[in-house]
Undergrad: 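Dropping a structure here in structure tokens format, bear with me for questions.
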Amino acid sequence: VAANTPSMYSQELFQLSQYLQEALHREQMLEQKLATLQRLLAVTQEASDTSWQALIDEDRLLSRLE
Amino acid sequence: VAANTPSMYSQELFQLSQYLQEALHREQMLEQKLATLQRLLAVTQEASDTSWQALIDEDRLLSRLE
Amino acid sequence: MSCTIEKILTDARTLLDRLRDHDSAAESLIDQSAALHRRVAAMRQAGAAGAEQAHDEA
Amino acid sequence: MSCTIEKILTDARTLLDRLRDHDSAAESLIDQSAALHRRVAAMRQAGAAGAEQAHDEA
């Protein structure tokens with residue numbers, strides 16, 4: 001096994017392994033934020049429903065007065 | 001130079017290089033979408049300014065009628 | 001050390017797969033925020049139309 | 001081949017740096033969408049208060 005180990009690469013492979021572990025972690029953090037954004041946008045859309053419905057109702061009422 | 005080339009790794013290194021190139025490309029596509037989101041949220045906030053101001057003005061008017 | 005290069009390849013592949021999934025999630029976020037923009041723009045238009053009519057009748 | 005491993009290390013480092021930047025950008029997007037949520041919630045409340053008062057005066 002030792003004969004198969006290219007020791008001039010062991011430092012690079014270690015560094016590479018560290019970069020990838022950190023990249024995976026950071027990518028997970030990013031994914032969590034995207035999930036938060038999805039929820040925020042959803043509740044915001046819901047929060048606008050009442051106001052929107054009121055404007056539609058008002059519009060219908062006003063068009064009957066024309 | 002050839003003596004320094006661990007040929008048992010050349011296939012792995014090639015594959016790794018391909019993965020990283022593709023990951024970089026995909027990450028750039030993701031970044032572009034985040035930039036689009038930033039612009040969409042900004043125009044949406046702006047689009048609500050008029051409605052919001054009208055509600056404030058109406059609220060002030062109504063409170064003078066009380 | 002061959003297990004290290006294997007682990008590195010696996011991690012790189014996992015990272016790429018997750019980036020694809022989350023790029024796709026970002027596409028959905030764009031659709032969501034575009035829908036929200038349409039809602040807010042429609043509310044602005046409906047509010048302005050109502051104000052205009054009230055003004056005409058005054 | 002040592003230039004290949006160097007290129008691979010450079011690419012991995014670049015990817016990590018970009019992921020950090022874009023994780024930070026996503027944080028700003030959360031702030032933006034939270035502000036938009038507050039605006040829409042405030043409009044709902046103001047609209048409901050106006051409707052209530054108009055009802056009381058009718």
Side-chain angles (χ1 to χ4, degrees), chain B, chain C:
Chain B
V1 174
N4 288 337
T5 313
S7 58
M8 86 279 298
Y9 274 12
S10 57
Q11 201 173 359
E12 284 89 348
L13 294 183
F14 178 74
Q15 180 68 86
L16 198 44
S17 158
Q18 294 289 101
Y19 282 156
L20 285 169
Q21 279 299 304
E22 206 178 338
L24 281 165
H25 179 239
R26 184 61 63 166
E27 205 281 339
Q28 290 282 77
M29 290 170 69
L30 177 59
E31 192 275 329
Q32 282 300 310
K33 292 179 174 71
L34 297 187
T36 297
L37 272 167
Q38 192 279 325
R39 289 191 296 273
L40 262 168
L41 290 171
V43 299
T44 305
Q45 185 81 22
E46 276 176 59
S48 74
D49 288 344
T50 312
S51 304
W52 174 235
Q53 191 57 51
L55 284 164
I56 291 179
D57 294 344
E58 172 186 308
D59 201 61
R60 287 179 183 150
L61 179 63
L62 288 173
S63 59
R64 287 205 289 270
L65 293 176
E66 281 178 340
Chain C
M1 291 311 265
S2 67
C3 64
T4 303
I5 193 75
E6 289 308 320
K7 172 77 163 75
I8 286 170
L9 275 167
T10 301
D11 284 351
R13 182 63 207 248
T14 300
L15 182 58
L16 179 55
D17 289 344
R18 287 183 190 168
L19 282 168
R20 283 177 182 144
D21 287 345
H22 306 146
D23 179 48
S24 178
E27 186 70 50
S28 298
L29 287 175
I30 287 172
D31 291 344
Q32 256 189 300
S33 68
L36 185 53
H37 178 246
R38 285 193 297 274
R39 168 59 62 86
V40 169
M43 287 169 63
R44 176 180 57 187
Q45 189 152 343
E52 190 184 327
Q53 186 162 2
H55 181 261
D56 289 349
E57 292 170 13

Undergrad: What are the two closest heavy atoms between C/R44 and B/S51, and how far apart are they?
TA: CA-OG, 3.3 Å

Undergrad: Taking atom CZ of C/R38 and atom OG1 of B/T44, what is their separation to the nearest 0.5 Å?
TA: 10.0 Å

Undergrad: Hey, mind stepping through C/L36 and B/L40 against side chain to side chain contact (heavy atoms under 4.5 Å, CB included) and telling me if it holds?
TA: CA-CA 9 Å; C/L36 185 53; B/L40 262 168; over 6 Å; no

Undergrad: Relative to chain C, which of B/V43, B/D49, B/L41, B/L55 shows the most heavy atom pairs under 4.5 Å?
TA: B/V43

Undergrad: First locate atom CG of C/D11, then atom OH of B/Y19, and finally report the distance between them rounded to the nearest 0.5 Å.
TA: 11.5 Å

Undergrad: How many angstroms lie between CD1 in C/I8 and CD in B/Q15, if you round to the nearest 0.5 Å?
TA: 13.5 Å

Undergrad: Applying side chain to side chain contact (heavy atoms under 4.5 Å, CB included) to C/H22 and B/R26, what does each step give before you reach the verdict?
TA: CA-CA 10 Å; C/H22 306 146; B/R26 184 61 63 166; over 6 Å; no

Undergrad: C/L19 and side chain to side chain contact (heavy atoms under 4.5 Å, CB included): which partner among B/H25, B/E27, B/E22, B/M29?
TA: B/E27

Undergrad: Does atom CD of B/Q28 have more than 12 heavy-atom neighbours from other groups under 6.0 Å away?
TA: yes

Undergrad: Assess whether side chain to side chain contact (heavy atoms under 4.5 Å, CB included) is satisfied between C/L29 and B/L34, documenting all intermediate values.
TA: CA-CA 9 Å; C/L29 287 175; B/L34 297 187; 5.8 Å; no

Undergrad: Would you mind checking which part of C/Q32 comes under 4.5 Å of any heavy atom in chain B, side chain (CB onward), backbone (N, CA, C, O), both or neither?
TA: neither

Undergrad: What part of B/L16 is in contact with chain C, defined as an atom under 4.5 angstrom from a non-hydrogen atom: side chain, backbone, both or neither?
TA: both

Undergrad: So, taking the atom named OG1 in B/T36 and the one named CD1 in C/I30, what distance separates them when rounded to the nearest 0.5 Å?
TA: 4.5 Å

Undergrad: Which bit of B/S48 is near chain C, if near means a heavy-atom gap under 4.5 Å: side chain, backbone, both or neither?
TA: both

